[in-house]
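FYI, the numbering just counts along the sequence from 1.
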Amino acid sequence: NFMIFNLISRTLKQLTTKYKLLFFIAILIGSISAFLESINLLLLMPFVRLLISPEAELNNSILKYLEFLNFHNGDLFKILVITLIFLFTSSGIIRAINIKFISILSADIGHLFSTKLLTNIISQDFLFFNKVGVGFICSSADYSLTKVVNIIFSFLQTIVALLIATSLMI
C-alpha cells in the first residue's frame, strides 16, 4: 500500500498543471456522482413507503413539505416518480461520464509518460543501447507504463467509491 501511494505521489509530481487540474476534475465529477447517489437513496425509502400505504405516508414523510405547492395525492406520487427517474438517470449518466473521463485521463497520463520516456531513451548514448539492449528497454517501459496507468485508474475509482460510501453513511 505504501508503494502505491509513493507511486501516486511521484506521478502527481511529474504531471503538468493541466493534468493535475483534470485529475481533480475527475474527483469533482465523482463527488457529484456520490451526492446524487445519496439523494437517490434518501428519496427511495419514502417512495417505497408511499407505495405500501399512500394515505398514511403522506402525513409522515418529506412529501408533506411539498403541500404548499397545492398538489393532489396523485400528483405528488407522479412528481416523486418523475424525480426519482430523473435522479437515477442523472446519477447513472454522471457515473458513466466519470468512468469514461477517468479512463481517458489515465490513458493520457500514460501517453505523457511514454513520450517523456521515449525522449529520454532517444537522448541516450549508443553505448547505453549496446550495454542494456533495446528489447529489454522496450519491455520494461511497456510493463511499467501499463502498471502506472492501471494504478492511476484504480486510484481514481477508489476515491470515487470512497466518496460514494461516505455520502451514503451521512
[X] side, atom [atom1]; [Y] side, atom [atom2] - distance, nearest 0.5 Å:
X    : Y    : atom1 : atom2 : result
L112 : L117 : CG    : CG    : 11.0 Å
L21  : L15  : CG    : CG    : 11.5 Å
I151 : I109 : CD1   : CD1   : 12.5 Å
S31  : N98  : OG    : CG    : 9.0 Å
L28  : S33  : CG    : OG    : 11.5 Å
L105 : I152 : CG    : CD1   : 7.5 Å

Under the rule for side chain to side chain contact (heavy atoms under 4.5 Å, CB included), what residues qualify as partners of [X], not counting sequence neighbours?
X    : result
I159 : I27, F155, L163
T146 : D142, N150
V149 : S106
S103 : I99, F153

Contacts of Q157 meeting side chain to side chain donor-acceptor pair (under 3.5 Å) (sequence neighbours excluded), chain-then-number -> none
Could you point out which residue of I164, I29, I32 forms a side chain to side chain contact (heavy atoms under 4.5 Å, CB included) with R95? I164
Would you please test L22 and F101 for side chain to side chain contact (heavy atoms under 4.5 Å, CB included) and show each step? CA-CA 9 Å; L22 290 173; F101 186 78; 3.8 Å; yes
Honestly curious: do I104 and I25 fall in one hydrophobic cluster under the side-chain, below-4.5 Å linking rule? no
Determine, using the 4.5 Å side-chain heavy-atom cutoff (strictly less than), whether L162 and I39 are members of one ILVMFWY cluster. no
What donor-acceptor contacts under 3.5 angstrom involve side-chain atoms of residues 84-92, with partners at least two apart or in another chain?
unit_1	atom_1	unit_2	atom_2	d
T89	OG1	I85	O	2.7
S90	OG	F86	O	2.8
S91	OG	E37	OE2	2.7

Pairwise side-chain hydrogen bond (donor to acceptor under 3.5 Å, both in side chains) hits with a residue in residues 14-30, at least two apart: none
Taking atom NZ of K147 as the centre, report whether more than 12 heavy atoms of other residues, nucleotides or ligands fall under 6.0 Å from it. no
Each residue besides I97 in its hydrophobic cluster should be listed here, by chain and number; the cluster joins Ile, Leu, Val, Met, Phe, Trp and Tyr at side-chain heavy-atom distances under 4.5 Å. I93
